[in-house]
Protein chains: 2
Amino acid sequence: MSDQNQHTIHALKVSCSNCSLRELCLPIGLNRDEMTQLDAVIRQSRRLKRGEYLFRSGEGFKSLFAVRTGFFKTSVASQDGREQVTGFLMSGELMGLDGISSNVHGCDAIALEDSEVCELPFNRMESLGRDIPSLQHHFFRLMSREIVRDQNVMLLLGNMKAEERLAAFLLNLSQRLSTRGFAANDFILRMSREEIGSFLGLKLETVSRTLSKFQQQGWLSVDHKHIQLIKADALKDLIAGCTHANGV
Amino acid sequence: MSDQNQHTIHALKVSCSNCSLRELCLPIGLNRDEMTQLDAVIRQSRRLKRGEYLFRSGEGFKSLFAVRTGFFKTSVASQDGREQVTGFLMSGELMGLDGISSNVHGCDAIALEDSEVCELPFNRMESLGRDIPSLQHHFFRLMSREIVRDQNVMLLLGNMKAEERLAAFLLNLSQRLSTRGFAANDFILRMSREEIGSFLGLKLETVSRTLSKFQQQGWLSVDHKHIQLIKADALKDLIAGCTHANGV
DNA sequence: AAAGAAGCTTGACCCTTGTCAAAGCGGAAT
DNA sequence: ATTCCGCTTTGACAAGGGTCAAGCTTCTTT
């Protein structure tokens, strides 16, 4: 449980070679032995090309997947073909949690760019959790975090106007990118206007118009998928009132 | 902790006396010994009057709560006071899962009628899960089910029109009530139009108008909070296309 | 290099839903 | 029983966002 694993920069890198999990998705204090056990369970990573499905709604559920590199969307489809994007995922984030309840995946997961994932066979993670309490606890926390995230999306979809939704979306993206060491104010959107709209409960035209409006006000610059935040504070002001009362 | 009060005929009752959990919320195969352990962990139930808070957003998280009798809503509030109802809960359903991630409750839970809950101290459930694999697994499934539920709400909020939302809401309520042995087509709404609207991302006037519209079409009758479904199939047709492609 | 497809932007118009207001009703408290 | 307050219904109007359509850019494919 002690951190004998932080010797040099090197050690960190080495211990993370299998998967970026250790850094982002499972940042828990494990001792060397426990790490070894975990390594034994985490399957080699799988590469996906842009547009490829990682799994589809209705398929049997066996594993969770952690994004190692790249970018994914998850979505649920209705019978008449409407799509609801339920999330965009970047490195360290976990997909497939919704499959546990019924042993069947509840959404599609699609790579939005060439990507790499780690596969976590759920049965084995579950039993490993019994041996490593902190791992078990971490899994509960991960699932809980997903529930919190979903509740915030409900707040967004239920209460916010188009401008507020888009501002919240951009700021969220910016924050997550900067956490991962990317520029917070200059990034490339990996998804289309339509996918953004689906996530935000808006039509693609509204997304486009609202981006243009933000640009006209000098709050950001839009060049197709290239976004530069210029006055992030103006965006923050926009959503100041309508975000969760107890911060993140 | 066990209620040694009821015997024999009530054998079933006995095993369920502590809490309705066993029937609805933890319907897993446990042997006698494991049941005893579980009983030792489940705290005596707590009674709440209508309008009373079970917990509030921001409070420290220690326990999950299972509804034993009564009816609850959970909601998140934004800084400027907008409320988003994130769920309505009836017997056997679990509240507080969103608190695990940060050890702080992420929503308010409020009794909509006089109610009774069981308290499940999370730490102890967690460690009990390590001894009883099926219990651990069940907890993962419960959390996953919550995620699935939230995704369906996103689909509702992101894609459906007012009529579709309300139809989906009523049918969901009907289905859950009938699961619990209540009439599927004749029930009392425990929540106000405003709370329904908050949950569905609509204003209370829209809820009211839409209910009136359904009544005019002969699909149901509305007498204040008393709803009678007359043509549930018409409601089902309404949402046929826009529900999740893979059933429940 | 050319051509097609896909994605994006913008405008015009309309529909659904929100907003504001008034009045009715019922339940809770005195 | 009475009164008051909160909830609900309904109408009129406004507006935000959806729909349809046209034209444009960029990327892909051949």
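Naming: A, B, ... by sequence-line order, numbering from 1 per chain.
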Test ring pair (Phe, Tyr, Trp, His ring centres under 6.0 Å) applied to [X] - qualifying residues, sequence neighbours left out:
X: B:Phe214; answer: B:Trp219
X: B:Phe187; answer: none
X: A:Phe122; answer: A:Phe61, B:Phe140

Can you tell me the distance, in whole Å, between the [atom1] atom of [X] and the [atom2] atom of [N]?
X: B:Lys225; N: C:dG27; atom1: NZ; atom2: P; result: 11 Å
X: A:Leu211; N: C:dG7; atom1: CG; atom2: P; result: 17 Å
X: A:Gln216; N: C:dT9; atom1: CD; atom2: C1'; result: 11 Å
X: B:Phe214; N: D:dT9; atom1: CZ; atom2: C1'; result: 16 Å
X: A:His226; N: C:dC8; atom1: NE2; atom2: P; result: 16 Å

Quiz prompt | the helix from C:dA1-D:dT30 to C:dT30-D:dA1: angle between end helix axes, five pairs per end, rounded to 10 degrees | solution = 50°

Quiz prompt | Side-chain donor-acceptor contact under 3.5 Å, B:Thr179 with B:Gln175 | solution = yes

Side chain to side chain contact (heavy atoms under 4.5 Å, CB included) involving [X] - partner list, sequence neighbours excluded:
X: A:Ser78; value: A:Asp80, A:Arg82
X: B:His224; value: none
X: A:Glu194; value: A:Ser192, A:Leu204

Quiz item: Among all residues two or more places apart in sequence or in another chain, which pass the salt bridge (Lys or Arg N to Asp or Glu O under 4.0 Å) test with A:Glu163?
Solution: A:Lys213

Exercise. Drop me the distance from A:Glu119's CD to A:Arg68's CZ, to the nearest 0.5 angstrom.
Key: 13.5 Å

Quiz item: Just how far is it from atom CD of A:Glu59 to atom CG of B:Asn246, taken to the nearest 0.5 Å?
Solution: 10.5 Å

Quiz item: So, is B:Ser212 near the phosphate of D:dT10, with a side-chain N or O under 4.0 Å from OP1 or OP2?
Solution: yes

Quiz prompt | Any donor-acceptor pair under 3.5 Å from B:Ser174 side chain to B:Ala184 backbone | solution = yes

Self-check item: DNA chain D contacts made by residues 187-197 of chain B, counting heavy atoms under 4.0 Å
Solution: B:Ser192, B:Arg193

Quiz item: Are any of the side-chain heavy atoms of B:Ile100 and A:Ile147 separated by less than 4.5 Å?
Solution: no

Practice problem: Do nucleotides 24-30 of chain D as a string where each nucleotide becomes B, S or -: B if the base has a protein heavy atom under 4.0 Å, S if just the sugar-phosphate does, - if no protein is that close. | Solution: --S----

Practice problem: Would you give a per-nucleotide map of nucleotides 15-22 of chain C, 5' to 3', where B means the base has a protein non-hydrogen atom under 4.0 Å away, S means only the sugar-phosphate does, and - means neither? | Solution: --SSBB--

Under 3.5 Å, sequence neighbours excluded: what are the donor-acceptor pairs made by side chains of residues 227-236 of chain A?
unit_1: A:Gln228; atom_1: OE1; unit_2: A:Ser221; atom_2: OG; d: 3.2
unit_1: A:Gln228; atom_1: NE2; unit_2: A:Asp186; atom_2: OD2; d: 3.0

